[in-house]
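This report refers to the structure that appears directly beneath it.
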There are 2 protein chains.
Amino acid sequence: MARPRKFDDDEVIDRAMDAFWTNGYFNTSPAQLAAATGIGKGSLYNAFTSKRDLFDRALSRYDAIGAEFAEQSLAKPGTTREVVAGFLRSLVEADLAGPVRRGCLAVNTSVELAGQDPEIQRAVQRMQQHTIAALTDRIARGRRDGDVDPDVDPRGYAEFLMNTIVGLRVMAKTNDAPMLHRIIDSAVAGL
Amino acid sequence: MARPRKFDDDEVIDRAMDAFWTNGYFNTSPAQLAAATGIGKGSLYNAFTSKRDLFDRALSRYDAIGAEFAEQSLAKPGTTREVVAGFLRSLVEADLAGPVRRGCLAVNTSVELAGQDPEIQRAVQRMQQHTIAALTDRIARGRRDGDVDPDVDPRGYAEFLMNTIVGLRVMAKTNDAPMLHRIIDSAVAGL
DNA sequence: CAAATTTTTGTCCTGTAGGTCAAGAAAGGA
DNA sequence: TCCTTTCTTGACCTACAGGACAAAAATTTG
């Protein structure tokens, strides 16, 4: 019927996500996106309407990856406190692993754009809700298992942990592993 | 001897700080800075070497303001838990008050630049240390007053609170007051 | 093979970022 | 009063952001 695409959309979105993640939205130019994805600027604008559209898709992709990771991580064996602490630690370790501290794309985006842009604000909210829901479920299960004090409100504690995670991913830009791990220990002490 | 400046440097820095705070570093142009400060672009570049230099000074100014606010706020009467909670609440309320959610300049800067720029990274660290020190002092005093459990490590808890604050100032971009206040309550429960 | 359709490449375009510079203006000193 | 010095204004400059578009290329259908 017509000439087929030479590239896979999802792969392009993945690479674009990396570029946005490392440099931020404003500081990533179409030229950089073309270089990062390996396709011409023209093809990019043909496949995706605009830089903003591509960014929106990259955010969705990030959401999907993050939601699955949380799911997997929280399904591991162990007490609630151990599992939750392990989840937070793995996030921090991922932050510290790379040569450049890119943090969390959702947090970066929230800081850079959510204050001005309601659509972005909603996207970030959705992502947070996914994590909060996963944490809530795991804590509720802990309560059923007798693993967590019945006084703990699963949803409330999950929101508190969400806030801790967001903090950690910013703090990871300027602090070392021991301090971050101490913070995690404090945060899960109530479980 | 020579023609004197028509403007006060500190006032210009204050207004520049506001512009950077609202729009971020990359997304604030020299033209905007000129408009925000009320002086010509040429004068700006005469008085300050570069956009970056002006930003550095704005950061210093922000640090000074923040440090004094923390000092004042934590010196208020009340139990340690009350005073600390009041401090966090006042930060959150400031975030929610404005028409545009600009968050915390230090956090914004950390997210936007600290990953790539070691100088910025150190500046952010300094600011965090000021807040951590103020919180540590207040908690230590609480322990002496018999107000705080002796098992609490002042410095460790201060670091944890610092992380909570950073989280809150990001979460304030996408969440409402009740949730943020619940998070604060959870965070001070260990005091 | 021709036609129709969609992609790719590369050129082109407008606006703005970030900054420079030359000219004139405002002070104090000789 | 004129000179020197520093400040201000505004024009100017180069590079790139973000995107539009035309022409050529690749595929399926008839």
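A note on names: the letters A, B, ... follow the listed sequences, proteins ahead of strands, and every chain is numbered from 1. Quick note: numbers below take in every heavy atom, side chains included, and nothing from hydrogens, waters or symmetry partners.
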Quick check: are there more than 12 heavy atoms from other residues, nucleotides or ligands sitting under 6.0 Å from CD of Glu68(B)?
->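 12 or below, so no.
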
By the 4.0 Å heavy-atom rule, please label [X] as base, sugar-phosphate, or nothing.
X	answer
Ser43(A)	base
Gly40(B)	sugar-phosphate
Phe7(A)	sugar-phosphate
Thr49(A)	nothing

For residues Phe55(B) and Phe20(B), establish whether the separation of their ring centroids is below 6.0 Å.
->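 Under 6.0 Å, so yes.
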
Whole-Å distance separating the [atom1] atom of [X] from the [atom2] atom of [N]:
X	N	atom1	atom2	answer
Leu54(B)	dA17(C)	CG	C1'	15 Å
Tyr45(A)	dA17(D)	OH	P	10 Å
Phe26(B)	dG18(D)	CZ	P	12 Å
Ile39(A)	dA25(D)	CD1	P	20 Å
Leu44(B)	dA17(C)	CG	C1'	14 Å
Asn27(A)	dA17(C)	CG	C1'	12 Å
Phe48(B)	dT20(C)	CZ	P	16 Å
Asn46(B)	dA22(C)	CG	C1'	14 Å

Leu168(B)/Val166(A) under side chain to side chain contact (heavy atoms under 4.5 Å, CB included): CA gap, chis, key distance, verdict = CA-CA 8 Å; Leu168(B) 284 168; Val166(A) 169; over 6 Å; no

Closest nucleotide of DNA chain D for Gly42(B) versus for Gln32(A): which of these residues is on the 5' side?
->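 Comparing both residues, the 5'-ward one is Gly42(B).
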
Does the dG10(D) base have a donor-acceptor partner in the side chain of Lys41(B) within less than 3.5 Å?
-> no

Compare side-chain N and O positions of Ser29(B) against OP1 and OP2 of dA17(C) and report whether any pair is under 4.0 Å apart.
->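 Looking at the OP1 and OP2 atoms of dA17(C), one of them is under 4.0 Å from a side-chain N or O of Ser29(B).
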
OP1 or OP2 of dT8(D) sitting under 4.0 Å from any side-chain N/O of Lys6(B)?
-> no

Does the side chain of Asp147(A) come under 3.5 Å of the side chain of Thr80(A) through a donor N or O and an acceptor N or O?
-> yes

Lys NZ or Arg CZ of Lys51(B) over Tyr25(B) ring: under 6.0 Å, within 45° =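 Ring-cation test returns yes.
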
